Peer 1: 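Sharing a structure, written as structure tokens. Questions coming.
Here the structure is a predicted model, which is why all the values come from computation and not from measurement. Below, chains carry the letters A, B, ... as their sequence lines are ordered, and counting in each starts from 1.
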Amino acid sequence: MSRMSTDAPRYRFAPSPTGYFHVGGARTALYNWILAVRQGGTFVLRIEDTDESRNQPQWTQGIIDALAWLGINSDDPHFEGPFFQSANAAEHVRAAEQLFASGHAYYCDLTSEQIQERAKESGRTGYDGYSRDRGLGPDEGRVLRFRVPEGHTIVRDLVRGDVDFDNSTIEDFVLLRGNGTPVFLLANVVDDILMNITHVVRAEEHLPNTPKQQMLWDALGKKPPQWAHVPVLVNEQRKKLSKRRDKVAVEQYREEGILADAMRNYLMTLGWAPAGDTEIVPWETIVESFRLEDVNHSPAFFDIKKLQAFNGEYIRLMPLEEFIAQAEAILTSPNVPWPADRYRSDMFRTMAPLVQTRVAVMAEVVPMVDFLFLAEPPIDEQSFTKTFSAESAVTTLNDIAAAFESIEWAAERIKVAVEAVGERHGIKLGKMQAPLRVAVTGRTVGPPLFEPIELLGRDETLRRIRSAISRASK
RNA sequence: GCCCCCAUCGUCUAGUGGCCUAGGACACCACCCUUUCAAGGUGGCGGCACGGGUUCGAAUCCCGUUGGGGGUGCCA
């Protein structure tokens, strides 16, 4: 945690501890990180919750891990934190008292029922400023409210330009609750001031609250930070992504085998695009060229299909050795369907180049090669019925088995043998290999067939063929 | 209700008054390649929400309409 020069920008990233890391948050984190690093400034991580009890250590760790996965490392000199909003409660209260002392805030003893009552009578909504000049002091059950000044508040936004708010449309909002605890809005501003935050880059949903925060900065005698409100991420219904209906956890994509490079590259194309006709570009290029001013103003749909397409592209871009290393991490993990001692690294190495062009997500390598390591690969019922309903299936399979008895056991020879049987029956190779494939792998689709057959060995291959034949005759 | 934001192919975007007969990517379709499936190659489908201005000229500027989203708590 190094100290940067005093005028270096400080970008704060403030996720709330919710037990998972939201993809929208990930994108915002990336924006903050790119800018902070490029400007020689600091990325400040602050875990955002005024309620201490919600700050679960494992959640904080989850956020830090997810950030690290995306290349935002907590041991980087540009990284500061994590800090906890809840740790500053005393400062938040002190600021509130200062605001009261300076006349920027006042106490109010109205309950929410009374406020509603008054609103109904006057035909207006919200709090009407009833206690503004009643000169109330602090007491149990009284809230401290901010005295919203007359005039307008202009929010200068790096993404959207100037946004003008008429202060008369903003009611005197609460700073301290009846029990004396500070509300989020106040806590936020005080923390930002305490941490010398210069740039606040966050999701658009916070824009309507920004004038309130800016008034607080002013009232506290500080110069507000540079605001930047980036569009939210939405689902196919164009609603803000939410944990309940949508798949939003970064961790989940990571578990499925989405590559960090693909994820961050894809995330960056939401609301922004690198120059030129290619969207898949090296991270360095993105870091060099990203500008907040170029960020789109409209919400973007988080398209998992496109993410997967990016991921497939990144998988194919990987050097073979790296692909093997990443795949083996999955193939040797405990949740794989075969016993650990049946895994054969040499076999996978042979298959790896064939698999690499066929997966979009790393987790897909498992169903691609499982039949090599399973003693008895399950046979897909539908594939079996469909393939073996053909008259020729069993007869050709018998011929193939006969041929396999004596040929030299090499992929190329195996292919020739199967082709020869096909010629005799007047069936093309494509159709010929279908029953063979089902017999050996249990499915109708998969990687090229003859290499794995060689790997499996003559005995095991014949065993599986005969087993399929007898199954067909039942 | 009030306030704020937004509006280019189905989706993500390029476009900042003439380079636009609107470019790319994902998805989709067709063909080629091919050992199934992919990958790769070639081609195709498909868009400036609407109405008014401003201008010699508008996807680009202005106004309005419509549509979407967000905010409006003694939640964060």
Side-chain angles (χ1 to χ4, degrees), chain A residues 14-18 48-51 54 85 108 110-112 115 123-127 141-145 155 157 159-160 163-166 168-171 173-185 187-188 203-212 229 231-232 234 236-240 266 269-280 294 296-310 312-313 315-316 354-360 364 368 383 387 415 418-419 422 428-434 436-438 441 443-451:
Chain A
S16 42
T18 42
E48 206 84 332
D49 206 311
T50 54
D51 184 348
R54 277 195 290 261
Q85 180 164 67
C108 173
L110 252 43
T111 63
S112 42
I115 291 170
R124 303 165 133 263
T125 50
Y127 177 69
R142 289 181 182 172
V143 299
L144 184 69
R145 286 184 181 274
V155 172
D157 191 286
V159 171
R160 283 151 211 280
V163 184
D164 188 333
F165 294 86
D166 184 342
S168 67
T169 64
I170 303 171
E171 65 181 48
F173 52 95
V174 170
L175 261 20
L176 252 30
R177 302 187 183 96
N179 63 7
T181 57
V183 302
F184 168 79
L185 196 78
N188 228 313
E204 185 196 356
E205 57 200 281
H206 296 287
L207 184 55
N209 279 323
T210 307
K212 295 181 189 170
H229 289 90
V232 291
V234 297
E236 47 277 90
Q237 278 94 241
R238 304 250 112 213
K239 299 247 193 278
K240 194 170 73 168
Y266 174 65
T269 66
L270 260 24
W272 180 81
D277 279 346
T278 348
E279 288 180 315
I280 304 221
D294 296 335
N296 250 234
H297 296 185
S298 46
F301 168 56
F302 187 85
D303 186 351
I304 295 172
K305 271 194 169 171
K306 188 159 180 179
L307 202 215
Q308 290 186 337
F310 269 49
E313 193 97 353
I315 286 176
R316 276 167 255 131
L354 305 176
V355 174
Q356 192 172 5
T357 56
R358 268 163 258 259
V359 293
E364 289 170 2
M368 208 58 94
S383 304
T387 314
K415 180 187 175 191
V418 175
E419 267 173 329
K428 287 232 176 71
L429 184 55
K431 206 171 169 208
M432 267 305 292
Q433 51 100 53
L436 213 211
R437 179 181 289 281
V438 172
T441 73
R443 304 188 186 90
T444 48
V445 299
L449 232 204
F450 306 116
E451 288 79 1

Peer 1: All N/O contacts under 3.5 Å from nucleotides 20-23 of chain B to the protein, with atom names and distances to one decimal?
Peer 2:
none

Peer 1: Does A:K306 contact B:C12 through a side-chain donor or acceptor facing the base, at a distance under 3.5 Å?
Peer 2: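 Under the 3.5 Å cut-off, the side chain and the base do form a donor-acceptor pair.
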Peer 1: Could you check which nucleotide pairs with B:G10 in any of the strands shown, counting Watson-Crick or G-U wobble with both distances under 3.5 Å?
Peer 2: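 Partner of B:G10: B:C26.
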Peer 1: Ignoring the backbone of A:T357, work out which of B:U72, B:A38, B:G70 is nearest its side chain.
Peer 2: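 The nucleotide sitting nearest to the side chain is B:A38.
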Peer 1: With the side chain of A:R54 defined as its heavy atoms from C-beta on, choose the nearest nucleotide among B:C37, B:A76, B:C12.
Peer 2: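 The closest nucleotide is B:A76.
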Peer 1: Check the interface with nucleotides 3-6 of chain B: list each N/O to N/O pair with the protein under 3.5 Å, or write none.
Peer 2:
residue : atom : partner : partner atom : Å
B:C5    : O3'  : A:R160  : NH1          : 3.4
B:C5    : O2'  : A:R160  : NH1          : 2.5
B:C5    : O2'  : A:E204  : OE2          : 2.8
B:C6    : OP1  : A:H297  : ND1          : 3.2

Peer 1: Does B:C2 have a Watson-Crick or wobble mate here (both distances under 3.5 Å), and if so which one?
Peer 2: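 Across all strands, the one nucleotide that pairs with B:C2 is B:G71.
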Peer 1: In chain order, what residues pass the side-chain contact (heavy atoms from CB on, under 4.5 Å) check against A:T169, with sequence neighbours excluded?
Peer 2: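 side-chain contact (heavy atoms from CB on, under 4.5 Å) list for A:T169, sorted by chain: A:D166.
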Peer 1: Please determine, for the side chain of A:K240, which listed nucleotide (B:G70, B:A25, B:C75) has the closest atom?
Peer 2: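 Side chain of A:K240 sits closest to B:G70.
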Peer 1: What interatomic distance, in whole Å, is found between C1' of B:C12 and the corresponding atom of B:G53?
Peer 2: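 Rounded to whole Å, the distance is 32 Å.
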Peer 1: So, does A:Y266 use its side chain to make a donor-acceptor pair with the main chain of A:D303 at under 3.5 Å?
Peer 2: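 Confirmed, A:Y266 side chain pairs with A:D303 backbone.
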Peer 1: To the side chain of A:V445, which of B:A76, B:U36, B:C26 is closest?
Peer 2: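 Nucleotide nearest to A:V445's side chain: B:U36.
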Peer 1: Output the single nucleotide from B:G40, B:U36, B:C74 whose closest atom is nearest the side chain of A:R358.
Peer 2: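 Looking only at side-chain atoms, A:R358 lies closest to B:U36.
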Peer 1: Looking at A:S383, is its backbone amide N or carbonyl O close enough to the side chain of A:T387 to form a donor-acceptor pair, meaning the two atoms are under 3.5 Å apart?
Peer 2: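 Present.
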Peer 1: Extract all donor-acceptor atom pairs below 3.5 Å that involve side chains of residues 273-280 of chain A and protein atoms in other chains or at least two apart in sequence.
Peer 2:
residue : atom : partner : partner atom : Å
A:E279  : OE1  : A:K306  : NZ           : 3.0
A:E279  : OE2  : A:K306  : NZ           : 3.4

Peer 1: Taking atom P in both B:U42 and B:C56, compute the distance separating them and give it to the nearest angstrom.
Peer 2: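 Between the two P atoms, the distance is 45 Å.
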Peer 1: What nucleotide, of B:A76, B:U13, B:U35, holds the atom closest to the side chain of A:S16?
Peer 2: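 Minimum distance to the A:S16 side chain belongs to B:A76.
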Peer 1: Taking A:V234's backbone N and O only, do any of them form a donor-acceptor pair with A:R238's side chain (distance below 3.5 Å, no angle check)?
Peer 2: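 A pair under 3.5 Å: no.
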Peer 1: Under the ring pair (Phe, Tyr, Trp, His ring centres under 6.0 Å) test, which residues partner A:F450, sequence neighbours left out?
Peer 2: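 Residues passing ring pair (Phe, Tyr, Trp, His ring centres under 6.0 Å) with A:F450: none at all.
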Peer 1: Which nucleotide, B:C12, B:A76, B:U72, lies nearest any side-chain atom of A:F301?
Peer 2: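 Of the candidates, B:C12 comes closest.
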Peer 1: Would you measure the distance from the P atom in B:U60 across to the matching atom in B:C3 and give it in whole Å?
Peer 2: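 Going atom to atom, P in each nucleotide, I get 27 Å.
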Peer 1: What does B:G64 pair with, Watson-Crick or G-U, if both distances are under 3.5 Å?
Peer 2: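 The answer is B:C50, by the H-bond criterion.
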Peer 1: Kindly determine whether A:V163 and A:H229 satisfy side chain to side chain contact (heavy atoms under 4.5 Å, CB included), including the steps that lead there.
Peer 2: CA-CA 11 Å; A:V163 184; A:H229 289 90; over 6 Å; no
Peer 1: Could a donor-acceptor pair under 3.5 angstrom be found where the side chain of A:E205 meets the base of B:G69?
Peer 2: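 Between B:G69 and A:E205, which were checked side chain against base, a qualifying N/O pair under 3.5 Å is absent.
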Peer 1: Assign A:K239 to base, sugar-phosphate, or nothing according to its heavy-atom contacts below 4.0 angstrom with the strands shown.
Peer 2: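 Sugar-phosphate: the residue A:K239, judged by heavy atoms under 4.0 Å, touches backbone atoms but no base.
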Peer 1: From B:A14, B:U35, B:G71, pick the nucleotide closest to the side chain of A:A273?
Peer 2: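 For the A:A273 side chain, the nearest candidate turns out to be B:A14.
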Peer 1: Report yes if a side-chain nitrogen or oxygen of A:R316 is closer than 4.0 Å to either non-bridging phosphate oxygen (OP1 or OP2) of B:G40; otherwise report no.
Peer 2: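 Yes, A:R316 has a side-chain N/O under 4.0 Å of OP1/OP2 on B:G40.
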Peer 1: Among B:G71, B:U36, B:G68, find the nucleotide with the atom closest to the side chain of A:P448.
Peer 2: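 So the side chain of A:P448 is nearest to B:U36.
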Peer 1: Hey, does A:V143 reach any base, or is it just sugar-phosphate, or nothing, if we go heavy atoms under 4.0 Å?
Peer 2: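 Base: the residue A:V143, judged by heavy atoms under 4.0 Å, touches a nucleobase.
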Peer 1: Using a heavy-atom cut-off of 4.0 Å across all strands, would you classify A:E48 as base, sugar-phosphate, or nothing?
Peer 2: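 Sugar-phosphate, backbone atoms only, no base.
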Peer 1: Using a cut-off of 4.0 Å on non-hydrogen atoms, how would the nucleic acid contact of A:T50 be classed: base, sugar-phosphate, or nothing?
Peer 2: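 Sugar-phosphate contact only - A:T50 comes under 4.0 Å of backbone atoms but never of a base.
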Peer 1: Listed by chain and number, what are the side-chain contact (heavy atoms from CB on, under 4.5 Å) partners of A:Q433, not counting sequence neighbours?
Peer 2: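 For A:Q433, the residues satisfying side-chain contact (heavy atoms from CB on, under 4.5 Å) (neighbours in sequence not counted) are A:R437, A:L449.
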Peer 1: Contact class for A:E451 vs. all strands (heavy atom < 4.0 Å): base, sugar-phosphate, or nothing?
Peer 2: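 If one applies the 4.0 Å heavy-atom cut-off, A:E451 turns out to touch a base.
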Peer 1: I'd like to know if the side chain of A:H297 reaches the main chain of A:V159, judged simply by a donor and an acceptor atom lying under 3.5 Å from each other, with no hydrogens or angles considered.
Peer 2: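 Here the side-chain-to-backbone pair exists.
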Peer 1: When you measure from the side chain of A:E171, which nucleotide among B:G71, B:U35, B:G73 comes out closest?
Peer 2: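 Looking only at heavy atoms from C-beta outward on A:E171, the closest nucleotide is B:G73.
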Peer 1: Roughly how far apart, to the nearest Å, are B:U13 and B:C29 at atom P?
Peer 2: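 24 Å, rounded to whole Å.
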Peer 1: If you look at every strand shown and take non-hydrogen atoms under 4.0 Å, does A:R238 touch a base, only sugar-phosphate, or nothing?
Peer 2: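 Touches sugar-phosphate only.
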